[in-house]
Amino acid sequence: MEYNFLRIEEKCRKLWEENGVYKVEIDPDKPKYYVLDMFPYPSGAGLHVGHPLGYIASDIYSRYKRLKGFNVLHPMGYDAFGLPAEQYAIQTGQHPEITTRQNIARYREQLDKLGFSFDWSREVRTCDPEYYKWTQWAFLQMFDSYYCYDARQARPIAELIEVFEAEGNARLNIACTEEISFTADEWKSKSEIERQETLMNYRIAYLADTMVNWCPALGTVLANDEVKDGLSERGGYPVEQRKMRQWCLRVSAYAERLLKGLDEIDWTDALKETQRNWIGRSEGAEIYFKQAKKNASEENADIVVFTTRADTIFGATFMVLAPESEYVDQTVTTDRKAEVEAYIDATKRRTERERIADRKVTGVFTGSYAINPFTDTEIPIWISDYVLAGYGTGAIMAVPAHDSRDYAFAKHFDLPIVPLIEGCDVSEESFDAKEGIMVNSGFLNGLTVPQAIAKAKEYVAEKEIGRIKVNYRLRDAIFSRQRYWGEPFPIYYKDEMPYPVALNDLPIELPEVDKFLPTETGEPPLGRAKNWKYELNTMPGFAGSSAYYLRYMDPHNSNELVSSEANKYWRDVDLYVGGTEHATGHLIYSRFWNKFLYDLGKVVCDEPFRKLVNQGMIQGRSNFVYRVKGTNTFVSHGLIDKYDTTEIHVDVNIVHNDVLDVKQFRNWRPEYETAEFILEDGEYKCGWAVEKMSKSMHNVVNPDDIVVTYGADTLRLYEMFLGPLEQSKPWDTKGIDGVHRFLRKFWRLFHNDEHEFYVSDEEASPLELKILHKTIKKVEADIESFSFNTAVSAFMICVNELGEQKCNKRAILQELTVLLSPFAPHIAEELWGLLGSDTSVVTAEFPKYDPALLVENSFEYPVSFNGKMRFKMEFPMDADSASIEKAVLANPQSKKYTEGKDPKKIIVVKGKIVNVVI
RNA sequence: GCCUUGGUGGUGGAAUUGGUAGACACGCGGGACUUAAAAUCCCGUGGGCAGCAAUGUCCGUGCGGGUUCAAGUCCCGCCCGAGGUACCA
């Protein structure tokens, strides 16, 4: 009976399945623990070895927590709506639902082979109407809510209407799209449509004309986090700015809470920092600039700017408006009109990518002037695309001496530069640092920059020439997609105004269409559906993934997203494992969504994910062969300098430790059947490179292949052994043999030379117990700190040491088996059975280590002289410093290093080291 | 540019948080078993110098300084890689 992993693993899967060992129910007698993986998008390529990395880690932790007596919720599902399935559908006509279902089946098959302890009875799929019913439901709740800054929470729209009827909106401090004001009478005199339009200004899910990232190639808009460098994340197509009427979510209303919440959760600093930057809180002031009389009428509104450097206002020598700014109309003078329009037109035509690519200074003068409220001087108003319409007020006061962008602009258009900080040199570049003493700044002179900022803000507020303001970079999420394969909006239109579908009518199911393309008139694909009376857009990918962790708590509930009983028991995700790529997308939206549901009283936790661990990405490691040009001869990597060769990617699955399997290579492709090889040391050595894992580079390693060759337990251990979980690393099968060897050795501890299962009932020796308990202690500490690579090492050391002892004692092996079960569940289960247990190892108890067994009675002290370790000495554990000092000096070897001198000092660190200073 | 990370043998990576650098594994070299191979096991393996040898000795954690009895670890100044972000006022 050799270690036959294929037989063992199949047997275990069946056993677990038949006994439903991973099924979990609410159990008030046990503490809960919720371990969640970011659910995968089931792509057509199937699972590669990179996917399971995080799943293995979370599975180890889940199994560990189970052994520790926790009631562990560890579910899995699929993020099944998305672009690739739809793109495939457009190309082939195959319905995305069919391909998605096939892909899911394939994923499931692959996942099952790896021995995960998921409770599949709780599986969710975002494209399932029973699931997206609750996505639609949440949307309607947002449609029916507004955000109150004073209460710091979302409230029902009905409440707002009451206030409007009673006193208008003057006293409200609420999140809105546009600042407007009206009285109760004005509200009452509004028509139904006007009222709906007004309410739209406050809804958390609202419709608005916004600048969106439009991707013509995909025919849809994209969220900011779906655009990378001006290209779409999926497909890499150009993206341009366009004004469109779109559904949006008022995420920005939650900016402050999203920021504050970060302080309470156990995420890495790097990830929290990324979110903080994305939210981008900046404290500053809005300052009102009057337009100079000579070219302004009385009604012209003040131009409001946002600045974090109110202290520099004495150096504001001009103003700049964004080309899309609403101030453009009131400032442009008749004689400048043509030029200004030409400029605005030109900027509109440039895509974001073009703007990033060539960063030339461009701009145009409006012809108008504004009055600097601090200096009372007139300053020109310009327009330039370096000012963004979407941030602050879309207008700035330019301080060329202390802002590099303003500086470049001033130099280019020859505008005055006034330095405001003592001793700074602005002849070559601006002085952007917030340090130094103010000069040329009236009443701010002599103050330090931070003092001046505070004083200037105070002044602005006092004189009512502006107000103190906190600005956020975080923008509302665009929530419409002009796509087929997504959740339909539960919205219908009457007189062009949107109205919610009744809750009883949910879900609004995705209709059938003849093609998955936009209609001839340019409407989204849903425009093709017969008798479709609802919104034609669908929801974006992040809609379905924003609250899926709640649905797992109560996945079959048809009355509620999650029952309050289930929610009160499972509360929040204790451990969330996934990639960093979701830092500014899913992990912001989810937190927002959860906070909204929290405001509604539907969930009990404000933050959804208590602890978050990011697994690193697994990159591909490509291999190359080198063909001599014009021949079918291939040269080993060490000899390529001597030939003129072409580098060719070779399938990594026929390369082992960078050595090509020549026979398999000849069979790989027909054209290589007759290949000749120039070998070195009798082998063909391949070149290699680390690249993204992809089909075209022939470096995709499928977990199935590894499982067939080595077994799931080896794969699990190896992926953990590869290095720290958080670190990105190339996949490399070098070394997998070592891990497999460990499992075989482990197996042999229980088997005699005739391959029969054999354990002795003898009592374990103190040394054997010590080995075991040392391992228990180390492995437990490593699991707790997610240091799975060192835990695997500890197992290897343990087995080596027990092997030396020829230890096959039942007591030792029983505990060791349980200890190993989170890492290599199949082999552990099999041995557990062989040891005579009639229950599964899954339900065993994690062994407790006994500190008494680890106590040493002597310790080997390294003895150093001037910090250099020279030799070691044995001491009893209870030796005191004085006796150690004495013994060290009495040691004949010491004489050599003290060179006859008396030591100046002797440092004894108990249990650590002795250092003699000469 | 800014933020976050990381830099240790031929390779992946350890190092109890300031206390024996290189655990564990791969690879490589040597040996045992075998007709042979596979499998398995044992020994060696950072570099230099000295020695038949046990061993001794110096140098070594990206670079240059510093603090300390003691630095891979702390401080200051650089260099390089990875990820995020960027006319955010």
Side-chain angles (χ1 to χ4, degrees), chain A residues 2 228-229 268-278 280-282 284 305-310 312 316 320 322 355-356 359 361 384-388 390-399 402-406 408-409 432 471-475 579-581 583-584 614 616-617 619 657-658 690 717-718 721-724 726-730 732-739 741-742 744-745 748 778 781 787 789-798 800 803 860-872 896 903-909 911-918:
Chain A
E2 259 294 347
K228 296 265 138 78
D229 300 327
T268 60
D269 290 340
L271 189 61
K272 284 189 188 180
E273 208 48 38
T274 305
Q275 289 217 341
R276 284 194 189 104
N277 291 341
W278 190 259
R281 180 192 156 98
S282 57
V305 303
F306 175 76
T307 180
T308 54
R309 293 293 302 274
T312 61
V320 187
R355 280 175 59 171
I356 292 166
R359 225 177 250 189
V361 177
S384 174
D385 65 358
Y386 82 86
V387 174
L388 307 175
Y391 184 77
T393 61
I396 62 156
M397 62 174 207
V399 185
H402 302 290
D403 182 287
S404 51
R405 296 152 302 176
D406 298 344
F409 195 81
D432 290 15
N471 233 324
Y472 297 92
R473 202 193 79 116
L474 184 71
R475 295 189 220 170
T580 4
E581 66 271 22
T584 54
N614 287 122
M617 253 203 286
Q619 295 139 306
N657 296 332
D658 288 339
V690 172
L717 279 166
Y718 184 58
F721 187 63
L722 221 45
E726 304 83 4
Q727 203 170 294
S728 283
K729 53 226 149 189
D732 186 350
T733 43
K734 255 188 195 174
I736 196 165
D737 294 309
V739 173
R741 212 167 285 158
F742 154 72
R744 283 212 302 262
K745 277 190 203 170
R748 278 201 305 273
K778 172 78 175 146
S787 179
N789 52 331
T790 51
V792 176
S793 295
F795 278 123
M796 290 179 177
I797 295 168
C798 172
N800 283 341
E860 205 172 48
Y861 272 57
V863 180
S864 301
F865 291 80
N866 284 341
K868 257 194 184 22
M869 209 282 286
R870 295 299 180 176
F871 56 86
K872 291 172 190 169
K896 203 155 110 195
K904 282 190 194 125
K905 205 186 333 179
I906 299 176
I907 290 130
V908 180
V909 184
K912 300 273 187 197
I913 198 161
V914 182
N915 191 20
V916 183
V917 187
I918 304 142

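Convention: sequence-line order gives letters A, B, ...; per-chain numbering from 1.
- If you measure from atom CG of A/Asp406 to atom P of B/C87, you get 15 Å, rounded to the nearest angstrom.
- Rounded to the nearest 0.5 Å, atoms CD1 (A/Ile396) and OG1 (A/Thr307) are 8.5 Å apart.
- Shown here are the salt bridge (Lys or Arg N to Asp or Glu O under 4.0 Å) partners of A/Arg405, two or more places apart in sequence or in another chain: A/Asp403.
- Between the P atoms of B/A70 and B/G31, the separation comes to 47 Å (whole Å).
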What one-letter contact string describes nucleotides 1-13 of chain B from 5' to 3', where B marks a base within less than 4.0 Å of any protein heavy atom, S marks contact via sugar-phosphate atoms alone, and - marks no contact?
--SS-------BS
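- Looking at the side chain of A/Ile797, the nearest of the listed nucleotides B/C24, B/C88, B/C69 is B/C24.
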Polar atoms only, N or O, under 3.5 Å: list the protein pairs with nucleotides 38-42 of chain B and their distances.
from, atom 1, to, atom 2, distance (Å)
B/A39, O3', A/Arg744, NH2, 3.2
B/U40, OP1, A/Arg744, NH2, 2.3
B/U40, O3', A/Arg748, NH2, 3.4
B/C41, OP1, A/Arg748, NH2, 3.4

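- The shortest distance between the side-chain N/O atoms of A/Arg473 and the OP1/OP2 oxygens of B/U85 is not below 4.0 Å.
- Looking at heavy-atom distances under 4.0 Å, A/Asn800 makes contact with sugar-phosphate atoms alone, never a base.
- In this structure, the side chains of A/Asn800 and A/Lys745 come closer than 4.5 Å at one or more pairs of heavy atoms.
- Side-chain nitrogen and oxygen atoms of A/Asn915 include none within less than 4.0 Å of the OP1 or OP2 phosphate oxygen of B/U68.
- Because its glycosidic torsion is more than 90° from 0, B/G60 is reported here as anti.
- For A/Ser728 (side chain) and A/Gly616 (main-chain N/O), no donor-acceptor pair under 3.5 Å exists by modelled atom type.
- In this structure, the side-chain contact (heavy atoms from CB on, under 4.5 Å) partners of A/Ala408, at least two apart in sequence or on a different chain, are A/Val361.
- The gap from the C1' atom of B/C26 to that of B/U45 amounts to 13 Å, rounded to the nearest Å.
- Checking B/U20, B/A15, B/C88 against the side-chain heavy atoms of A/Thr790 singles out B/A15 as nearest.
- Paired runs in RNA chain B that reach 3 or more consecutive Watson-Crick or G-U pairs, where each pair keeps both distances under 3.5 Å, cover B:1-7 with B:79-85, B:10-12 with B:24-26, B:27-32 with B:40-45, B:46-50 with B:55-59, B:62-66 with B:74-78.
- With hydrogens and angles disregarded, no donor-acceptor distance shorter than 3.5 Å links the side chain of A/Asn789 to the backbone of A/Leu722.
- Side-chain proximity of A/Arg475 to the nucleotides B/C24, B/C88, B/U20 is greatest for B/C88.
- Atom C1' of B/U17 sits at a distance of 11 Å from the matching atom of B/C74, rounded to the whole Å.
- In this structure the side chain of A/Ile913 reaches within 4.5 angstrom of the side chain of A/Ser864, judged on heavy atoms.
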Can you pull every protein N or O that's under 3.5 Å from an N or O on nucleotides 53-59 of chain B?
from, atom 1, to, atom 2, distance (Å)
B/U57, OP1, A/Tyr897, OH, 3.1
B/C58, OP2, A/Arg870, NH1, 3.4

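- Look at CG on A/Asn614: it is 12 Å from P on B/G84, rounded to the nearest Å.
- For the residue pair A/Thr790 and A/Ser787, a side-chain donor N or O sits within less than 3.5 Å of a side-chain acceptor on the partner.
- Contact record, A/Ser282 with A/Phe306: O-CZ, 3.7 Å, taken as the closest heavy-atom pair.
- For the C1' atoms, the distance from B/U34 to B/U40 is 11 Å, rounded to whole Å.
- Side-chain proximity of A/Lys872 to B/A89, B/C24, B/U20: nearest is B/U20.
- Closest to the side chain of A/Arg405, out of B/U20, B/C69, B/C87, is B/C87.
- Separation of the C1' atoms belonging to B/G66 and B/A14 is 28 Å when rounded to the nearest angstrom.
- Rounded to a whole angstrom, the distance from the C1' atom of B/G47 to that of B/G10 is 13 Å.
- Taking the O4'-C1'-N9-C4 or O4'-C1'-N1-C2 dihedral as appropriate, B/U17 has a value within 90° of 0 and is therefore syn.
- Among B/A89, B/U20, B/A15, the nucleotide with an atom closest to any side-chain atom of A/Met869 is B/U20.
- In this structure, the CD atom of A/Glu726 is 15 Å from the C1' atom of B/A82, given to the nearest Å.
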How far apart are the C-alpha atoms of A/Phe721 and A/Phe795, what are their side-chain angles, what is the distance that settles it, and do they pass the side-chain contact (heavy atoms from CB on, under 4.5 Å) test?
CA-CA 11 Å; A/Phe721 187 63; A/Phe795 278 123; over 6 Å; no
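- What separates CZ of A/Arg276 from C1' of B/U85 is a distance of 16 Å, to the nearest Å.
- When side chains are defined from C-beta on, A/Val917 does not count as touching A/Ile906, because their heavy atoms never get closer than 4.5 Å.
- When the side-chain nitrogen and oxygen atoms of A/Tyr386 are compared with OP1 and OP2 of B/A89, none of them lie within a distance under 4.0 Å.
- When the C1' atom is used for both B/G44 and B/C78, the distance is 40 Å, rounded to whole Å.
- With both ends at atom P, the span from B/U55 to B/U5 equals 44 Å, rounded to whole Å.
- Using a distance-only test at 3.5 Å, with no hydrogens or angles considered, no donor-acceptor pair links the side chain of A/Thr733 to the main chain of A/Ile736.
- Side-chain atoms of A/Lys905 never come within 3.5 Å of backbone atoms of A/Asn915 as a donor-acceptor pair (strictly under, hydrogens ignored).
- Mapping A/Ala794 and A/Ser787 onto RNA chain B by nearest heavy atom places A/Ser787 at the nucleotide closer to the 5' end.
- Using modelled atom types, one side-chain atom of A/Asp432 and one backbone atom of A/Ser404 make a donor-acceptor pair closer than 3.5 Å.
- Looking at A/Arg473, its side chain does come within 3.5 Å of a backbone N or O of A/Trp278 through a donor-acceptor pair.
- Separation of atoms CZ (A/Arg309) and CE (A/Met397) is listed at 9.0 Å; rounding is to 0.5 Å.
- As judged by a 4.0 angstrom heavy-atom cut-off over every strand, A/Lys904 is placed among residues making no nucleic acid contact.
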